[in-house]
Every structure is written in C-alpha cells, then in structure tokens.
Asker: 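Okay, handing you the structure first.
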Amino acid sequence: MKDSETGLSVFFPAYNDSGTIASLVITAIQSAAKLTPNYEVIVVNDGSSDGTARILVELALIYPQFRIVTHEMNRGYGGALRSGFATASKEIVFYTDGDAQYDPSEMEALWREMMPDVDLVNGYKISRSDPWHRIFIGRVYHHTVKMMFGLRVRDVDCDFRMLRRSIFERVRLEKNSGVICLEMMKKIQDSGFKIVEVPVHHYHRAYGKSQFFNFRRIYRTGLDVLKLWFSLVVRGTHRTGATTAESVEQRTRAL
C-alpha cells in the first residue's frame with residue numbers, strides 16, 4: 001500500500017486549450033487532494049496563441065498547488081511531455097492531455113493500482129469518442145506499431161498514465177513529436193518495468209481541433225515511426241545504453 005504522504009505530480013501538456021484547461025486544472029486539484037495531501041498540478045503551456053496563458057496566470061493566483069511551465073515557442077507534444085516529466089517533483093507522476101478528452105478525476109482508478117511493485121499504470125480507452133475516420137486511422141496505427149515494436153500494452157496512444165518518476169533514471173526520452181508515447185512505452189517495456197492497465201473513458205472533443213489528423217502530419221508521423229523503429233528495434237540503441245550504464249555502475253561498486 002502507498003504511504004499517506006506519497007507525493008503526486010499531475011501535469012497537462014496544453015496547446016491552445018483555453019476552452020478546457022481551467023476546468024481540467026480545478027478537477028485535477030480536487031481529485032489529487034482526495035488521494036494525498038502531498039501533490040502539485042502543472043500545466044506545460046506549449047506556445048499557445050489563444051487565451052491559455054492568461055487563464056493559467058489567473059489559476060496560479062488562486063491555487064498555491066498549481067505551477068506553470070511556459071514554452072515561448074511550440075516544441076511539439078513530445079517536447080511538452082519532456083518538460084512536464086522534468087518539472088514534476090513528486091514520487092508518482094500522472095499526466096493527460098489538456099483537451100478534456102479524458103476526465104482527470106479517473107486518476108483515482110490508476111492510483112489504486114499503483115502498488116509498491118508497479119511502475120506504470122496505463123489507461124486504455126473503453127470506447128473511443130471520435131469521428132469514424134479518426135477511429136479507423138487510430139486502430140490502424142495502434143495495430144501497426146504494436147506489431148512493429150513488439151508492444152504488449154492494449155492501448156499505445158491512450159495519454160492517461162501514472163508512473164514512477166524514478167523510471168526516468170533509466171529511461172531517457174528524446175522525441176519532440178507525438179511518437180514520444182511510442183518511444184516511452186517501448187523503452188519502459190524493454191527496461192523490465194512492471195505495467196498494469198486500467199480502463200478509462202474517452203470523450204468527444206468539445207473545444208478546438210486535433211493537431212494530428214491532417215495528411216501532412218500523418219506523413220511526418222509515419223517517417224518518425226520508421227526512424228524510431230530503426231533505432232529501437234533494429235539497432236536497439238536504448239538497450240545498449242542501458243547495458244553500458246549498468247556495466248559502469250557495477251565496475252564502480254566493485255572499486
């Protein structure tokens with residue numbers, strides 16, 4: 001069981017999410033407070049050009065547990081996630097997107113599964129609430145990358161995850177694009193961390209539009225996936241790096 005003082009960092013990557021981010025932050029604060037008194041909520045504002053920055057400043061004046069990370073220029077989804085993980089200061093980290101297609105209050109279901117021997121609790125969508133073409137493309141992508149990368153999780157692209165911050169002492173994330181989720185799950189799986197999966201709800205996008213579903217971005221994502229596959233599956237560079245680091249640590253201990 002978790003100690004009552006176990007720390008929890010909650011963060012949202014946000015890009016032009018002014019219509020949803022306030023309610024998400026407030027829900028996250030209320031939900032996290034039920035789980036532990038030792039929590040923080042963070043939003044990574046990834047170069048938003050709408051009213052997101054103003055709303056975040058107003059929230060920070062009201063809630064002392066809330067922090068803002070600002071990217072002056074858009075770095076991409078991967079860049080926002082990397083900043084969120086780097087900023088999180090608590091033992092356990094939860095993140096989901098700033099577009100409100102997931103309900104932050106469901107983090108409680110993940111928290112219950114975060115036992116001492118569990119490293120990551122991965123959400124999987126009960127049913128995807130998107131237009132048919134997004135559902136189709138998503139399923140093709142999901143089954144393709146699972147086969148290419150040998151992934152065992154049910155839902156690779158469900159951005160509703162709770163994990164131990166200590167994972168990143170061994171796993172180094174490098175991607176700035178949306179394929180960072182694929183990179184992360186492959187590296188975590190190959191490092192031998194224990195993963196548990198929990199069903200979560202997925203909701204219709206009520207504000208803004210997806211930054212992914214256009215032909216140019218799909219093409220670029222395809223290239224990124226191929227490059228990542230060559231690096232992680234063909235060359236296995238992440239495993240080589242981990243082996244080297246472990247060998248150095250072993251030699252140091254021997255001395």
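Only heavy atoms go into these numbers, but all of them, side chains included; no hydrogens, no water, no symmetry mates.
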Asker: Is any side-chain heavy atom of M184 less than 4.5 Å from a side-chain heavy atom of Q189?
Answerer: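 They are not in contact (no side-chain heavy atoms under 4.5 Å apart), so the answer is no.
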Asker: If you look only at pairs with a residue in residues 21-32, which of them pass as a salt bridge (charged side-chain N to carboxylate O under 4.0 Å, His left out), with sequence neighbours excluded?
Answerer: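 Of all non-adjacent pairs touching residues 21-32, none passes salt bridge (charged side-chain N to carboxylate O under 4.0 Å, His left out).
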Asker: Can you list the residues that meet the side chain to side chain contact (heavy atoms under 4.5 Å, CB included) rule with K175, with sequence neighbours excluded?
Answerer: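 Here the qualifying residues are V179, I180, E183, L228.
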Asker: Can a donor-acceptor pair be found, under 3.5 Å and without considering hydrogens, that links the side chain of D157 to the backbone of C181?
Answerer: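 No, D157 side chain to C181 backbone: no donor-acceptor pair under 3.5 Å.
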Asker: Will you find, in the side chains of D99 and Y15, an N or O donor that is under 3.5 Å from an N or O acceptor?
Answerer: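 The answer is no; no qualifying pair exists.
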Asker: Please identify each residue that fulfils side-chain hydrogen bond (donor to acceptor under 3.5 Å, both in side chains) with K227, with sequence neighbours left out.
Answerer: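 None.
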Asker: Who are the side-chain hydrogen bond (donor to acceptor under 3.5 Å, both in side chains) partners of R154, not counting sequence neighbours?
Answerer: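 With sequence neighbours excluded, R154 shows a side-chain hydrogen bond (donor to acceptor under 3.5 Å, both in side chains) to Y124, given in chain and number order.
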Asker: State whether the side chain of Q101 and the backbone N or O of Y203 hold a donor-acceptor pair below 3.5 Å, judged by distance alone.
Answerer: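 Yes; at least one donor-acceptor contact below 3.5 Å.
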Asker: Mind checking side chain to side chain contact (heavy atoms under 4.5 Å, CB included) for A100 and listing every partner two or more places apart, or none if nothing turns up?
Answerer: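 Once residues adjacent in sequence are excluded, the partners of A100 under the side chain to side chain contact (heavy atoms under 4.5 Å, CB included) criterion are T20, L24.
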Asker: Show the nearest heavy-atom pair for residues P13 and A80, with the distance to one decimal.
Answerer: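 Heavy atoms only, the tightest pair is CB-CB, 3.7 Å.
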Asker: By ring pair (Phe, Tyr, Trp, His ring centres under 6.0 Å), which residues pair with F168, not counting sequence neighbours?
Answerer: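 With neighbours one apart ignored, the set is F85.
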Asker: Hey, does the side chain of D159 reach the backbone of D97 with a donor-acceptor pair shorter than 3.5 angstrom?
Answerer: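 The answer is no, because no donor-acceptor pair under 3.5 Å joins these two groups.
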Asker: Can you list everything that forms a ring pair (Phe, Tyr, Trp, His ring centres under 6.0 Å) with F94? Sequence neighbours excluded, please.
Answerer: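 Partners of F94 by the ring pair (Phe, Tyr, Trp, His ring centres under 6.0 Å) criterion, ordered by chain and then number, come out as F160.
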Asker: Quick one: pull up CE in M185 and SG in C158 and give me the separation to the nearest 0.5 Å.
Answerer: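 Rounded to the nearest 0.5 Å, the CE-SG separation comes out at 10.0 Å.
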Asker: So, does N38 use its side chain to make a donor-acceptor pair with the main chain of T6 at under 3.5 Å?
Answerer: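 Checked: no pair found.
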Asker: Do K186 side-chain atoms and L151 backbone N/O form a donor-acceptor pair below 3.5 Å?
Answerer: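 Looks like no, no N/O pair under 3.5 Å.
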Asker: Tell me if a side-chain donor or acceptor on D224 pairs with a main-chain N or O of S177 at a distance below 3.5 Å.
Answerer: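 No, because the side chain of D224 does not come within donor-acceptor range (under 3.5 Å) of the backbone of S177.
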Asker: Among residues two or more places apart or on two chains, list those pairs meeting salt bridge (charged side-chain N to carboxylate O under 4.0 Å, His left out) that have a residue in residues 84-93.
Answerer: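 Counting only pairs at least two positions apart or across chains, the salt bridge (charged side-chain N to carboxylate O under 4.0 Å, His left out) contacts touching residues 84-93 are E91-R164.
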Asker: With the threshold set at 4.0 Å, does a side-chain nitrogen-carboxylate oxygen contact exist between D155 and K125?
Answerer: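 A salt bridge links D155 with K125.
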Asker: Evaluate the criterion side chain to side chain contact (heavy atoms under 4.5 Å, CB included) for residue pair F11 and V41; output intermediate values, then yes/no.
Answerer: CA-CA 6 Å; F11 81 85; V41 177; over 6 Å; no
Asker: Taking only residues at least two apart or on different chains, which pairs with a member in residues 29-47 satisfy salt bridge (charged side-chain N to carboxylate O under 4.0 Å, His left out)?
Answerer: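 Applying salt bridge (charged side-chain N to carboxylate O under 4.0 Å, His left out) to every pair that reaches into residues 29-47, excluding sequence neighbours, yields E40-R67.
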Asker: Could you tell me whether a side-chain N or O of T52 sits under 3.5 Å from a main-chain N or O of S48, the two making a donor and an acceptor?
Answerer: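 It does not hold such a pair.
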Asker: Salt bridge (Lys or Arg N to Asp or Glu O under 4.0 Å) between D117 and K194: does it pass, once the steps are laid out?
Answerer: CA-CA 7 Å; D117 64 332; K194 183 175 179 179; 2.8 Å; yes
Asker: Between the side chains of N176 and R75, does any donor sit under 3.5 Å from an acceptor?
Answerer: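 No, because no side-chain N or O of N176 sits under 3.5 Å from a partner of the opposite role on R75.
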Asker: In this structure, is the centre-to-centre distance between the rings of H201 and Y102 below 6.0 Å?
Answerer: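 No, the ring centres sit 6.0 Å or more apart.
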Asker: Backbone N or O of N45 within a donor-acceptor pair of the T70 side chain at under 3.5 Å?
Answerer: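 No.
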Asker: For S166, what residues pass the side-chain hydrogen bond (donor to acceptor under 3.5 Å, both in side chains) criterion, not counting sequence neighbours?
Answerer: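 side-chain hydrogen bond (donor to acceptor under 3.5 Å, both in side chains) list for S166, sorted by chain: empty.
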Asker: Residues in side chain to side chain contact (heavy atoms under 4.5 Å, CB included) with A33, at least two apart?
Answerer: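 With neighbours one apart ignored, the set is Y39.
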Asker: For S31, what residues pass the side chain to side chain contact (heavy atoms under 4.5 Å, CB included) criterion, not counting sequence neighbours?
Answerer: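 Listed in chain order: T27, S105, M107.
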